[in-house]
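The shown structure was predicted, so the numbers you read here are calculated from the model rather than taken from an experiment.
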Amino acid sequence: MILRLLVFLAASVVGVLLLRHWMASKQYVFDQEDISKLAKQYAGQDHEQAFLKVVVELRKRYPGHILPDEDLQWVFVNAGGWMGSMCLLHASLTEYLLLFGTAVDTGGHSGRYWAEISDTVISGTFRQWKEGTTKSEIYYPGDTIVHGVGEATSVQWSAGTWMVEYGRGFIPSTLGFALADTVFSTQDFVTMFYILRVYAKALLLEAGTMLTEAGLF
């Protein structure tokens with residue numbers, strides 16, 4: 001029993017090290033600063049119009065990596081005690097790009113991820129209270145907030161806050177937090193189905209694009 005446990009722990013450590021090396025050395029599709037600069041161009045505008053412009057520009061810059069219009073869907077997200085809505089644009093094992101926000105005041109726990117997440121505010125206000133501090137900060141349209149790997153904060157969005165979000169890291173590790181409230185609280189399994197379905201579509205799109213670029217498809 002002890003030997004099996006040691007073997008399992010050793011294999012887990014090796015797996016984590018290999019995964020970290022792969023993520024540190026691989027070439028990514030998106031650049032966080034590029035996404036932030038693009039979103040800032042439309043900060044302060046009507047969020048629906050701003051999002052339309054962002055999607056059009058992303059398709060020009062990253063052809064084959066953004067989901068088509070027929071697969072774009074606003075889906076509720078319940079996590080950490082807060083409730084928001086997201087529209088996934090891109091997802092792979094190591095990156096995701098989405099539109100996010102809320103039409104009502106909401107807040108809770110940010111989650112602690114094996115990924116770095118950045119949000120650029122288009123409209124509304126976002127308040128963040130970082131772990132280990134006694135004061136919070138408020139962010140406004142045009143501001144970008146970076147949530148580092150392993151960090152945890154208290155988060156609060158005012159009604160009408162909408163943002164462009166980019167994540168980089170081991171993306172499947174974020175799904176546990178994103179779906180926990182659905183499984184153990186709301187039991188809104190229709191929403192969970194929507195989330196998993198659009199993530200699967202994004203993975204298939206990315207796989208197809210990679211094969212095409214490699215000349216294999």
Side-chain angles (χ1 to χ4, degrees), residues 29-91 95-111 115-129 136-147 153-168 171 174 178 181-182 186 188 190-191 194-195 197-199 201-202 205:
V29 175
F30 302 96
D31 177 75
Q32 185 265 319
E33 291 188 3
D34 182 53
I35 298 299
S36 296
K37 288 180 181 179
L38 171 60
K40 285 179 182 179
Q41 295 180 28
Y42 307 107
Q45 298 185 18
D46 173 79
H47 70 274
E48 292 184 340
Q49 294 300 314
F51 284 160
L52 289 175
K53 295 173 184 177
V54 167
V55 172
V56 169
E57 187 61 33
L58 286 171
R59 289 203 175 111
K60 291 179 182 178
R61 298 187 187 188
Y62 307 99
H65 294 285
I66 304 298
L67 284 167
D69 285 343
E70 58 266 26
D71 291 329
L72 299 184
Q73 178 184 7
W74 283 100
V75 180
F76 279 140
V77 180
N78 290 273
W82 49 261
M83 183 173 184
S85 185
M86 74 166 186
C87 179
L88 189 68
L89 305 179
H90 166 92
E95 291 178 282
Y96 74 80
L97 182 61
L98 54 80
L99 311 175
F100 177 83
T102 176
V104 299
D105 295 332
T106 190
H109 193 287
S110 68
E116 180 180 273
I117 299 172
S118 66
D119 290 279
T120 301
V121 182
I122 298 295
S123 64
T125 58
F126 173 73
R127 182 185 292 269
Q128 183 187 66
W129 174 24
S136 64
E137 295 184 62
I138 302 179
Y139 298 90
Y140 300 92
D143 290 338
T144 296
I145 308 97
V146 178
H147 184 96
T153 69
S154 173
V155 291
Q156 184 182 66
W157 297 267
S158 62
T161 299
W162 300 95
M163 47 183 56
V164 177
E165 179 170 301
Y166 170 64
R168 175 184 291 187
I171 303 309
T174 67
D181 277 11
T182 297
T186 67
D188 182 2
V190 173
T191 289
Y194 289 153
I195 293 174
R197 181 180 64 178
V198 73
Y199 185 45
K201 287 182 178 181
L205 174 65

Checklist entry - Are Y62 and D34 linked by a side-chain donor-acceptor pair shorter than 3.5 Å? => result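 Short answer, yes.
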Would you say the side-chain atoms of [X] pair up with the backbone N or O of [Y], donor to acceptor, closer than 3.5 Å?
X	Y	value
E95	V29	yes
D143	Y140	yes
D105	A159	yes
S123	G160	yes
D181	G81	yes
S136	Q128	no

Inter-residue atom distance [X].[atom1] - [Y].[atom2], 0.5 Å rounding:
X	Y	atom1	atom2	value
T144	K37	OG1	NZ	11.0 Å
E137	T153	CD	OG1	10.5 Å
C87	F100	SG	CZ	12.5 Å
S85	L98	OG	CG	10.0 Å
I145	I138	CD1	CD1	11.5 Å
L205	L89	CG	CG	11.0 Å

Next on the checklist: For Y199, I'd like to know if atom OH has over 12 heavy atoms of other residues, nucleotides or ligands within 6.0 Å.
Outcome noted: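 Atom OH in Y199 is crowded, with more than 12 foreign heavy atoms closer than 6.0 Å.
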Checklist entry - Does CD belonging to E33 count more than 12 external heavy atoms closer than 6.0 Å? => result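 No, because the 6.0 Å sphere around CD of E33 holds 12 heavy atoms or fewer from other groups.
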Compute the centroid of each ring, for [X] and then for [Y], and state whether the two points are separated by less than 6.0 Å.
X	Y	value
F126	W82	no
W157	Y139	no
F30	H90	yes

Item to check | Residues E116, V146; criterion side-chain contact (heavy atoms from CB on, under 4.5 Å); working and verdict | outcome: CA-CA 7 Å; E116 180 180 273; V146 178; 3.8 Å; yes
Item to check | Full working for side chain to side chain donor-acceptor pair (under 3.5 Å) between T161 and T102 | outcome: CA-CA 6 Å; T161 299; T102 176; over 6 Å; no
Next on the checklist: Given I66, which partner from the list D71, L58, L88 fulfils the side-chain contact (heavy atoms from CB on, under 4.5 Å) test?
Outcome noted: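 With I66 as partner, D71, L58, L88 yield a single side-chain contact (heavy atoms from CB on, under 4.5 Å), made by L58.
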Checklist entry - Could you walk me through whether K53 and Q45 pass the side-chain contact (heavy atoms from CB on, under 4.5 Å) check? => result CA-CA 11 Å; K53 295 173 184 177; Q45 298 185 18; 3.0 Å; yes
Is any side-chain heavy atom of [Y] closer than 4.5 Å to one of [X]?
X	Y	value
H147	S110	yes
M163	T120	no
W74	L99	yes

Checklist entry - Taking it one step at a time, do Y96 and I117 satisfy side-chain contact (heavy atoms from CB on, under 4.5 Å)? => result CA-CA 9 Å; Y96 74 80; I117 299 172; 3.4 Å; yes
Checklist entry - Taking it one step at a time, do Y194 and V198 satisfy side-chain contact (heavy atoms from CB on, under 4.5 Å)? => result CA-CA 6 Å; Y194 289 153; V198 73; over 6 Å; no
